[in-house]
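Here you go, one structure.
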Amino acid sequence: MIYLTGDHLPIKTIRQMAKKLKAPLWPSDDKPLIKNGLEQRFPKQLAVLAKDLDEDKLSELFFLPVSSVIDSSSLSDSVESFYQKMSEVALPNSLSFLLTCPVIYSTNIAQIFTKALNRHLHFSRSQFESVHFALHESIVNGLIHGNLRVNSSMRQSARDFVEYARLLHDRLNDPAYAQKSVSIIASWDNQKLEIKIRDEGAGYAPVGRVNTSTSVFAKSGRGLRIIAGTADSCTIDDFGREVTLSFLLEDTPVARWLESYSSENAKTNSTKNILGSELSSCKVLVIEDNPSNQAVLGRLLSIMGITQVEMASDGVDGLQKVMDFKPDLIILDITMPRMNGYEVLHELKKERETASIPVLIQTAADNRETREKTFSSGATDFITKPVNPLEFFARVRVHLENRLLVQNLEKQLTQIESELLSAQRMQVGILPSRQDLEHLKQKYHLDVAQYFSPSSVLGGDYWQIFPISKTKLCIYLCDFSGHGVAAALNTFRLHALFSQLDKKSANPADFLKKLNAQLYALLPRGQFATLFLGIVDLKTKDFVYTGANAPKPLVITRGRKMLLHTEGMPLGIMANPKYKNYHIKMHAGDVMFLYSDAIIESPNDKGNRLGYKGLQKIAYPLMEKEDIDGALKEIMHAFFEFAPPPPVDDITSVLFRVRDI
């Protein structure tokens, strides 16, 4: 027997409904109202007639041990039919409601009802999500397409969407539609949960049982196609007005997948969720105009353990949320108002900040043209509606894993770049500074210009000039084999070694011999250095120099042009090589050009190299110019015209002139 009670209604109204339904009143004929909630003793089957239902009121009523909630705004014939259906329930336990269209539209009744069922059935997480998912889709279909008779095909363009919204508003405010109801009757035993969802719409052509393995999808409507992937069975009757969902309480398609995954994790004693703690912290943005589809995708993401989810109802809103939310994955619909999915893709891909975000397109159009356009527009992946949960899980997981991998690599690269830039600043810092060169000009009457450019962030070239007495200066240019980090580390070694050597010696060959002994012990096998070193005595005008297979410096002394000798063994190859000193005079106005081998050995686009002859042709006329800095700039400009950048090796060049000594 089903008793009837009321909630905030006139007693007369409750009595009239009880008389029509032939239902006994509770707790008594005189006071048929819920008064003290859980303090009262409730009958097993109790229907509550209530008005002004909202989300809080429904949650409160379903928390009580009642079996049914009836919207008092429903038509009396609807209530009578619903009451009759309740009395026909075959399974021993039941929970149900009858609500009008405005109440359903303004509340999350699917979630409220699923939570109420959960208090009786204690769902697993996967079962809860499956029931909630199927209920939500069924209720939305019954409300929008059944009772309100609004076709979702009206949302194919912005103009259609405005008309769709207007029609929806008008019908929710039209009593002829608003008083129509949707009923849900859930009943269960130990093995099965059965839920009947019934609307009062016009219905459509009968289909029969929805089977996920047959082509009946093509006839059963979009909503039922989605539901069939989650419920264990889905049957439609009365020309589509009644949908019956069945769930095996021990198993559902989604639950099977989750349990399989959990079993695998259990073998390794893992307590992580589907994605693992790292992936579940990712952020996902869903850009979808259909509230039903938003709910579906939100539920599936929740099943996966993803809690940071944002929804956008169109492309314009979506682009703004991309900038604010900074998602790791975007799930994007194609057909939307204001800005469609292809336009969103175009905007995402043209901005550097958003171009790398993976985009999973979801659309009902599954044909070659759509796929080709989707991928050519910049989408990362493609999934068809209705979304298959297992496929959805797999694709989301793959793209989030790839996204995190790329982000981790980017962080590592950023750190490496930062460290390399810091090392570059250190390397440039050990070269003679502008202030050092100005000091040489003022104190030692030397004009010096320099150029340094590593082929990567760091290089293996190094040069220095320093005084060894009041009238003597030592200048050297070194080029370590290779380039990059390994070669740069050797330049720091060289800088440290020179600081340890006795700088009072005026013998270049002796300098190189001592330096080679150190480098031979330090350098790994296969690494070596070429070096030119000279000592100029500003008082006697003597320039004594030696070389370790370095490029030959160009000199102009009193109008005479010459190449200097640098034939010695490279440093670090042999334990005791011999080096020979050479001697020239450096008079006031004489000029010398030192350089690394990249200047004579870098090939141009035709494979030709400048060589000594080509360098002499370029450099000698420019070395005679008064402006040392300008002369070096012109020499380097001429070189890069011959062999355009980027250079294949590190480049260093030094041009200096002896002024009036």
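This structure is a prediction, so every number in the text was calculated from the model and none was measured. Position 1 is the first residue of the sequence, and the numbers go up from there.
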Item to check | Verdict with reasoning, Ile331 to Glu288, per side chain to side chain contact (heavy atoms under 4.5 Å, CB included) | outcome: CA-CA 8 Å; Ile331 300 173; Glu288 163 68 67; over 6 Å; no

Checklist entry - Would a 4.5 Å heavy-atom cut-off, applied to side chains only, mark Val396 and Ile306 as touching? => result yes

Next on the checklist: Restricting to non-hydrogen atoms, name the atom on Tyr451 and the atom on Leu632 that form the minimum distance, rounded to 0.1 Å.
Outcome noted: N-CD2, 3.8 Å

Checklist entry - Is the backbone N or O of Ala598 less than 3.5 Å from a side-chain atom of Ser602, with the two atoms forming a donor-acceptor pair by type? => result yes

Next on the checklist: According to salt bridge (charged side-chain N to carboxylate O under 4.0 Å, His left out), does anything in residues 339-365 pair up with another residue at least two apart or in another chain? List the pairs.
Outcome noted: Lys326-Glu353, Glu347-Lys350

Checklist entry - Given side chains that start at C-beta, do those of Pro454 and Asp461 come closer than 4.5 Å, heavy atoms only? => result no

Checklist entry - Any side-chain heavy atom of Thr335 sitting closer than 4.5 Å to one from Asn340? => result no

Next on the checklist: Tell me whether the rings of Tyr582 and Tyr545 are parallel (<30°), tilted (30 to 60°) or perpendicular (>60°).
Outcome noted: parallel

Next on the checklist: Could you check whether any side-chain N or O of Lys321 sits under 3.5 Å from a backbone N or O of Met311, counting only pairs where one atom can act as donor and the other as acceptor?
Outcome noted: yes

Using atom types as modelled, flag every donor-acceptor pair under 3.5 Å from a side chain in residues 552-562 to any protein atom, sequence neighbours excluded.
unit_1: Thr557; atom_1: OG1; unit_2: Lys585; atom_2: O; d: 3.3
unit_1: Thr557; atom_1: OG1; unit_2: Asp590; atom_2: OD2; d: 2.6
unit_1: Arg558; atom_1: NH2; unit_2: His587; atom_2: ND1; d: 3.3

Checklist entry - Salt bridge check: are Arg434 and Glu438 linked by an N-O gap of less than 4.0 Å? => result no

Checklist entry - About how many Å separate OG1 of Thr363 and CZ of Arg371, when rounded to the nearest 0.5 Å? => result 10.0 Å

Item to check | Polar side-chain atom of Ser596 near backbone of Thr652 as donor-acceptor pair, under 3.5 Å | outcome: yes

Item to check | Nearest heavy-atom neighbours spanning Ala487 and Gly460 | outcome: CB-CA, 3.5 Å

Next on the checklist: For Gln362 and Asp333, which I'm curious about, is there any donor-acceptor pair between the side chains at under 3.5 Å?
Outcome noted: no

Checklist entry - If we only count heavy atoms from C-beta on, is the Ile465 to Cys474 side-chain gap below 4.5 Å? => result no

Checklist entry - Do the non-hydrogen side-chain atoms of Met592 and Ile584 ever get within less than 4.5 Å of each other? => result yes

Checklist entry - Distance from Leu473 atom CG to Leu446 atom CG, nearest 0.5 Å? => result 5.5 Å

Next on the checklist: Between Lys283 and Asp328 (salt bridge meaning N to carboxylate O under 4.0 Å), is one present in this structure?
Outcome noted: no

Next on the checklist: Main chain of Leu523, side chain of Arg493: is a donor-acceptor contact present, judged purely on distance under 3.5 Å?
Outcome noted: no

Next on the checklist: Please check this pair: side chain of Asp537 against backbone of Lys541, looking for a donor-acceptor N/O pair closer than 3.5 Å.
Outcome noted: no

Item to check | Reported CZ-to-CG distance for the pair Arg395 and Leu329, which is rounded to 0.5 angstrom | outcome: 12.0 Å

Item to check | Closest heavy-atom pair and its distance - Phe325, Gln308 | outcome: CZ-O, 3.5 Å

Next on the checklist: With heavy-atom distances below 4.5 Å as the criterion, would you say the side chains of Ile330 and Leu348 are in contact?
Outcome noted: yes

Next on the checklist: Using side chain to side chain contact (heavy atoms under 4.5 Å, CB included), reason through Leu615 and Tyr595 one step at a time and then give a plain yes or no.
Outcome noted: CA-CA 11 Å; Leu615 179 59; Tyr595 53 93; 3.5 Å; yes

Next on the checklist: I need the minimum non-hydrogen distance between Asn516 and Pro577, along with the two atoms involved.
Outcome noted: ND2-CD, 3.1 Å

Item to check | Polar side-chain atom of Thr380 near backbone of Val359 as donor-acceptor pair, under 3.5 Å | outcome: yes

Checklist entry - After noting the C-alpha distance and the side-chain angles of Phe656 and Ile628, does the key distance pass the side chain to side chain contact (heavy atoms under 4.5 Å, CB included) rule? => result CA-CA 7 Å; Phe656 74 92; Ile628 285 291; over 6 Å; no

Checklist entry - Do Glu567 and Asn549 have side chains that get closer than 4.5 Å, going by heavy atoms? => result no

Next on the checklist: Please give me the minimum heavy-atom distance between Tyr520 and Gly572, naming the atom from each residue.
Outcome noted: CD1-O, 3.6 Å

Checklist outcome for this item: Distance col, row Phe393:CZ vs Leu301:CG, nearest 0.5 angstrom, shows 8.5 Å

Item to check | Short side-chain to backbone donor-acceptor contact, Glu310 and Asp324, under 3.5 Å | outcome: no

Checklist entry - Can you tell me if Gln427 uses its side chain to pair, donor with acceptor, with the backbone of Gly459 under 3.5 Å? => result yes

Checklist entry - Under the 3.5 angstrom rule, does the side chain of Thr546 hit a backbone N or O of Lys580 as a donor-acceptor pair? => result yes

Checklist entry - Do Tyr462 and Gln464 have a side chain donor and acceptor closer than 3.5 Å? => result yes

Checklist entry - Would you call Glu369-Lys373 a salt bridge at under 4.0 Å N-O? => result no

Checklist entry - Looking at Gln450 and Pro432, what are the two nearest heavy atoms and their distance? => result NE2-O, 2.7 Å

Next on the checklist: I'd like to know if Arg609 and Glu601 make a salt bridge, using a cut-off of under 4.0 Å between side-chain N and carboxylate O.
Outcome noted: no

Checklist entry - Under the 3.5 angstrom rule, does the side chain of Arg659 hit a backbone N or O of Lys441 as a donor-acceptor pair? => result yes

Item to check | CG on Asp650 to CG on Asp479, rounded to 0.5 Å | outcome: 6.5 Å

Checklist entry - Does the side chain of Met336 come within less than 4.5 Å of Ile287's, by heavy atoms? => result yes

Checklist entry - Does the side chain to side chain contact (heavy atoms under 4.5 Å, CB included) test come out yes or no for Ile618 and Phe639, once each step is laid out? => result CA-CA 8 Å; Ile618 288 174; Phe639 164 71; 5.6 Å; no

Checklist entry - For the residue pair Phe498 and Phe466, does the interplanar ring angle fall in the parallel (under 30°), tilted (30 to 60°) or perpendicular (over 60°) class? => result perpendicular

Checklist entry - Salt bridge or not for Lys625 and Glu634, using N-O below 4.0 Å? => result yes

For residues 506-513, dump all side-chain donor-acceptor pairs below 3.5 Å to protein atoms at least two apart in sequence or in another chain.
unit_1: Asn507; atom_1: OD1; unit_2: Ala509; atom_2: N; d: 3.1
unit_1: Asn507; atom_1: OD1; unit_2: Asp510; atom_2: N; d: 3.1
unit_1: Asn507; atom_1: OD1; unit_2: Asn581; atom_2: ND2; d: 2.7
unit_1: Asp510; atom_1: OD2; unit_2: Lys514; atom_2: NZ; d: 3.3

Next on the checklist: Using 0.5 Å steps for rounding, measure from the CD atom of Gln424 to the CG atom of Leu458.
Outcome noted: 6.5 Å

